[in-house]
Amino acid sequence: MAEPQWYVAHTYSGYENKVKTDIEKSVANRHLEDQIIEVRVPVQEVTEMKNGKKRTVPKKMFPGYVLINMVMNDETWYVVRNTRGVTGFVGPGSKPVPLTERDLWRFGEKGDVSEEMEVDFAEGDTVTVIGGVWKDTSGVIKAMNKSKQTVTINVELFGRETPVEIGFADVQKMD
């Protein structure tokens, strides 16, 4: 028997979890557990900042795609391809191409994926500082550094505008 490999199935956007569930049901009904090993919707934990509150939520890394670890043959191809919500496999024409080791790293299936924070403010928005030395100070965001998770705002210091770098967690968008 051939070795299972990872393949990518394209789905309607928003149907990823439904497709995953339906494929898993088909696998159980047809007793294909030894041929379709695992079905995954790659997600990443993302920290969101809304109204000054930090929360961690799962976010789909690749909307519209499902990863499937399977032995490719006519029966497994048929099960996946004919699942409601699946539009096809990723590959040239109708020929599915297995993912390489490098692709698996990119999809986050190997190793850790760095955490990314999503915020509800952007450059040009007016924010209030809710913590730290500059608490209760307001300013307009001049720059954002997502990798450092900081914003730069101008504050008045000794009668002149001075740029100050403040962490995402310490600012809140003004309404």
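At a threshold of 4.5 Å between non-hydrogen side-chain atoms, the residues K142 and N154 count as touching. Between M70 and W6 the shortest side-chain heavy-atom distance does not fall below 4.5 Å. Side-chain contact between W77 and P96: present, with at least one pair of heavy atoms (C-beta onward) separated by less than 4.5 Å. You'll find the side chain of E45 reaches within 4.5 Å of the side chain of P58, heavy atoms only. Counting heavy atoms from C-beta on, the side chains of L32 and E75 come closer than 4.5 Å. Counting only heavy atoms from C-beta outward, the side chains of L67 and P42 approach each other to under 4.5 Å. Taking the side chain as every heavy atom from C-beta outward, I141 and V127 approach each other to under 4.5 Å. Side-chain contact between V90 and Y65 is present, with at least one heavy-atom pair separated by less than 4.5 Å.
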Verify side-chain contact (heavy atoms from CB on, under 4.5 Å) between E33 and V27, making sure each step is shown before the conclusion.
CA-CA 6 Å; E33 294 88 353; V27 166; 4.1 Å; yes
What do the steps show when you test D136 against V129 for side-chain contact (heavy atoms from CB on, under 4.5 Å), and what is the final call?
CA-CA 5 Å; D136 298 325; V129 181; over 6 Å; no
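Shown here are the side chain to side chain donor-acceptor pair (under 3.5 Å) partners of N145, two or more places apart in sequence or in another chain: S147. Scored by the side chain to side chain donor-acceptor pair (under 3.5 Å) test, T87 finds H10 as partners (sequence neighbours excluded). With sequence neighbours left out, R160 forms a salt bridge (Lys or Arg N to Asp or Glu O under 4.0 Å) with no residue at all. In this structure, T137 has no side chain to side chain donor-acceptor pair (under 3.5 Å) partners at least two apart in sequence or on a different chain.
Across all their heavy atoms, S138 and M174 have their closest contact at OG-SD, 3.6 Å. The heavy-atom pair separating P92 from V97 by the smallest distance is CD-CG2, 3.3 Å. When all heavy atoms of A9 and V86 are compared, the pair lying nearest together is CB-CG1, 4.4 Å.
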Show me the donor-acceptor pairs within less than 3.5 Å that the side chains of residues 164-173 make with the rest of the protein, sequence neighbours left out.
| from | atom 1 | to | atom 2 | distance (Å) |
| --- | --- | --- | --- | --- |
| E165 | OE1 | K148 | NZ | 3.2 |
| E165 | OE2 | K148 | NZ | 3.4 |

I'd like a table of donor-acceptor pairs (distance under 3.5 Å, sequence neighbours excluded) in which one partner is a side-chain atom from residues 11-21, with atom names and distances.
| from | atom 1 | to | atom 2 | distance (Å) |
| --- | --- | --- | --- | --- |
| T11 | OG1 | G64 | O | 3.4 |
| E16 | OE1 | G14 | N | 3.2 |
| E16 | OE1 | K60 | NZ | 3.2 |
| E16 | OE2 | G14 | N | 3.3 |
| E16 | OE2 | G64 | N | 2.4 |
| K18 | NZ | D22 | OD1 | 3.3 |
| K20 | NZ | E24 | OE2 | 2.9 |
| T21 | OG1 | N17 | O | 3.0 |

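For the residue pair T76 / N73, a side-chain donor-acceptor distance below 3.5 Å is found, with atom types taken as modelled. Under the 3.5 Å distance criterion, with hydrogens and angles disregarded, no donor-acceptor pair is assigned to the side chains of Q5 and N69.
With rounding to the nearest 0.5 angstrom, the CD1 atom of I68 is 4.0 Å from the CD1 atom of I23. Considering CE of M49 and NZ of K54, their distance stands at 6.0 Å, rounded to 0.5 Å. Expressed to the nearest 0.5 Å, how far CD of Q35 lies from CZ of R30 amounts to 11.0 Å. Here the OG-CD1 distance, from S26 to I36, works out to 8.0 Å after rounding to the nearest 0.5 Å. Here the straight-line distance linking atom NZ of K53 with atom CG of D120 works out to 11.5 Å at 0.5 Å rounding. In this structure, CZ in F121 is found 10.5 Å from CD1 in I153, a value given to the nearest 0.5 Å.
Under the 4.5 Å side-chain heavy-atom criterion for ILVMFWY residues, no single connected hydrophobic cluster contains both V80 and I37.
By the neighbour-count criterion of 12 heavy atoms within 6.0 Å, atom CG of D74 is sparsely surrounded, having that number or fewer from other residues, nucleotides or ligands.
Checking side-chain atoms of T83 against main-chain N and O of V79 turns up a donor-acceptor pair under 3.5 Å.
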